[in-house]
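One structure is given here, and the rest of the page talks about it.
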Amino acid sequence: MCRYLLVISILATLSGVASTSAFELTGRVGVQSRAFLNSPLYVDQQDHDASVFTDVEMYHELDCGSSFTFEPFIRLDSADTERSHVDIRELNYLHVGDGFELKVGVSKVFWGASEFVHLLDVVNQTDLAGALDGEEKLGQPMVQLTLLRDFGVFEGFLLPYFRERTFAGRKGRLRYPLVIDTDEASFESGAEETHLDFALRYSHTLADMDFGLAYFQGTAREPLLSPIIKHGGLRLAPYYEQISQTSLDIQYVAGRWLWKFEGLYRSGQGRSFGAS
């Protein structure tokens with residue numbers, strides 16, 4: 001993996017509101033170029049690449065206060081075919097009732113308090129081919145029920161379909177020494193992608209402190225990479241295990257200081273472990 005990388009991005013933001021405030025259209029259209037100061041380490045890699053992408057969100061509010069959201073994402077990359085893809089980040093219907101909300105469809109959910117190390121963010125799959133920092137997420141099919149109470153917010157998630165992680169391809173400049181063959185992915189569960197995952201979360205605010213306590217049971221978003229022989233060469237195949245994870249995140253305001261904590265306990269990937 002190269003040590004030096006120069007990224008130049010040009011973004012155009014589009015926004016519009018229809019004649020009625022019930023419909024909104026916002027989004028981005030961008031051009032990105034990456035230049036590498038070091039020579040490629042592997043065959044077929046290039047010193048530079050370019051990509052164009054669009055990320056548009058269409059939001060429509062219904063008369064009853066419920067809403068419909070559609071957010072497609074498209075990227076075309078000049079060098080890496082694995083980085084070129086079309087994804088539905090959000091496509092869902094939200095019903096707002098008396099003290100509860102019900103969301104059905106494809107959505108994005110974020111768990112945690114930290115800005116740059118997301119230990120607890122386990123619901124949506126990472127689009128690692130799109131960005132190495134893990135900030136890009138794939139849309140997750142789900143049914144989400146939220147109960148709003150004076151003593152906190154309760155959320156329940158049913159996740160009926162699993163999204164595999166994306167990785168840079170053979171020509172991708174920022175990749176593992178061995179190519180990751182996503183066509184050879186395997187699962188601990190016999191149901192594979194259709195295993196029904198679920199999650200629960202409770203969050204509340206006490207004075208200057210916000211906290212969240214969550215539990216997740218299902219297919220691990222981070223795969224175990226195992227070596228295989230294919231077409232006469234050595235590759236890595238993803239293997240997705242079943243895990244259970246309990247987590248806690250805290251954010252505390254003390255004057256001009258903002259203190260944050262994330263911690264988890266996970267079992268199912270070898271020996272059980274904790275991280276914070």
Side-chain angles (χ1 to χ4, degrees), residues 11-30 53-75 85-113 115 118 120-127 130-131 134-163 166 193-194 196-205 210-218 221 247 249 251:
L11 297 178
T13 302
L14 60 93
S15 62
V17 180
S19 56
T20 172
S21 60
F23 180 79
E24 295 182 2
L25 175 64
T26 60
R28 302 177 302 156
V29 177
F53 66 89
T54 177
D55 185 5
V56 179
E57 179 178 323
M58 288 168 276
Y59 173 83
H60 179 61
E61 183 176 342
L62 305 176
D63 294 336
C64 59
S66 300
S67 62
F68 176 81
T69 302
F70 178 44
E71 182 186 348
F73 177 84
I74 303 173
R75 181 188 294 275
H85 70 283
V86 178
D87 182 50
I88 297 177
R89 299 299 204 227
E90 293 201 52
L91 177 59
N92 58 69
Y93 168 75
L94 172 64
H95 174 73
V96 179
D98 185 13
F100 76 94
E101 296 177 355
L102 178 63
K103 182 183 291 186
V104 180
V106 178
S107 300
K108 292 187 296 183
V109 173
F110 173 76
W111 287 358
E115 282 81 7
H118 306 311
L120 320 183
D121 198 23
V122 72
V123 175
N124 287 81
Q125 180 61 275
T126 300
D127 181 9
E135 296 293 334
E136 296 289 340
K137 298 291 182 177
L138 301 177
Q140 170 63 48
M142 68 174 68
V143 178
Q144 178 183 355
L145 176 62
T146 303
L147 302 178
L148 309 172
R149 299 294 184 265
D150 294 336
F151 48 88
V153 178
F154 298 86
E155 297 174 279
F157 303 85
L158 289 178
L159 314 171
Y161 187 80
F162 175 76
R163 303 290 308 278
T166 61
E193 297 99 329
T194 58
L196 181 61
D197 302 345
F198 74 92
L200 301 170
R201 178 174 167 83
Y202 170 72
S203 58
H204 193 38
T205 299
D210 298 326
F211 71 92
L213 180 64
Y215 178 79
F216 172 86
Q217 176 74 52
R221 271 47 183 166
S247 63
D249 61 272
Q251 182 169 279

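What's counted below: heavy atoms across the whole structure, side chains too, no hydrogens, waters or symmetry copies. None of these values were measured; they are calculated from a predicted model.
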- Message: Between Glu61 and Val96, does the side chain to side chain contact (heavy atoms under 4.5 Å, CB included) criterion hold? Intermediate values first, please.
- Response: CA-CA 11 Å; Glu61 183 176 342; Val96 179; over 6 Å; no
Would you say the side-chain atoms of [X] pair up with the backbone N or O of [Y], donor to acceptor, closer than 3.5 Å?
X	Y	answer
Gln125	Arg221	yes
Asn124	Ser107	yes
Gln140	Tyr161	yes
Arg28	Asp55	no

- Message: Less than 4.0 angstrom from a charged side-chain N to a carboxylate O is my criterion; do Asp127 and Arg163 meet it?
- Response: no
Grab the two heavy atoms, one from [X] and one from [Y], that are nearest each other, plus how far apart they are.
X	Y	result
Pro141	Pro160	O-CD, 3.4 Å
Leu94	Ser66	O-CB, 2.8 Å
Arg75	Gly130	NH2-O, 4.1 Å
Trp111	Leu200	CH2-O, 4.2 Å

- Query: Where do Glu136 and Thr126 land on the side chain to side chain contact (heavy atoms under 4.5 Å, CB included) test, with the steps shown first?
  - Reply: CA-CA 6 Å; Glu136 296 289 340; Thr126 300; over 6 Å; no
Looking at [atom1] of [X] and [atom2] of [Y], how far apart are the two atoms once the value is rounded to the nearest 0.5 Å?
X	Y	atom1	atom2	value
Lys103	Phe157	NZ	CZ	8.5 Å
Thr26	Met58	OG1	CE	9.5 Å
Leu159	Leu196	CG	CG	7.5 Å
Asp197	Leu158	CG	CG	10.0 Å
Ser247	Tyr215	OG	OH	11.0 Å
Glu101	Ser67	CD	OG	8.5 Å

- Just do the ring pair (Phe, Tyr, Trp, His ring centres under 6.0 Å) check on Phe68 and Tyr93 with the steps written out, would you? CA-CA 5 Å; Phe68 176 81; Tyr93 168 75; 7.9 Å; no
- Message: Suppose we screen for salt bridge (charged side-chain N to carboxylate O under 4.0 Å, His left out). Which residues come up paired with Glu90, at least two apart in sequence or across chains?
- Response: none
- Note on the structure: Sequence neighbours excluded, the answer for salt bridge (charged side-chain N to carboxylate O under 4.0 Å, His left out) partners of Glu71 is Lys108
- Message: Between Tyr59 and Glu57, is the side-chain hydrogen bond (donor to acceptor under 3.5 Å, both in side chains) condition met? List the steps.
- Response: CA-CA 6 Å; Tyr59 173 83; Glu57 179 178 323; over 6 Å; no
- Message: Could you tell me if the side chain of Phe73 sits less than 4.5 Å from the side chain of Leu138, heavy atoms only?
- Response: no
- Around Leu213, counting heavy atoms of other residues, nucleotides and ligands shown, do more than 12 lie under 6.0 Å from its CG? yes
Expected list for residues 144-152: side-chain donor-acceptor pairs under 3.5 angstrom, two or more places apart:
from, atom 1, to, atom 2, distance (Å)
Gln144, NE2, Glu155, OE2, 3.1
Arg149, NH1, Gly99, O, 3.0

- Message: Once you measure the plane-to-plane angle for Phe211 and His204, does it fall in the parallel (<30°), tilted (30-60°) or perpendicular (>60°) bin?
- Response: perpendicular
- Should the ring pair Phe110 and His118 be called parallel, tilted or perpendicular, given that the plane angle runs from 0 to 90° and is split at 30 and 60? perpendicular
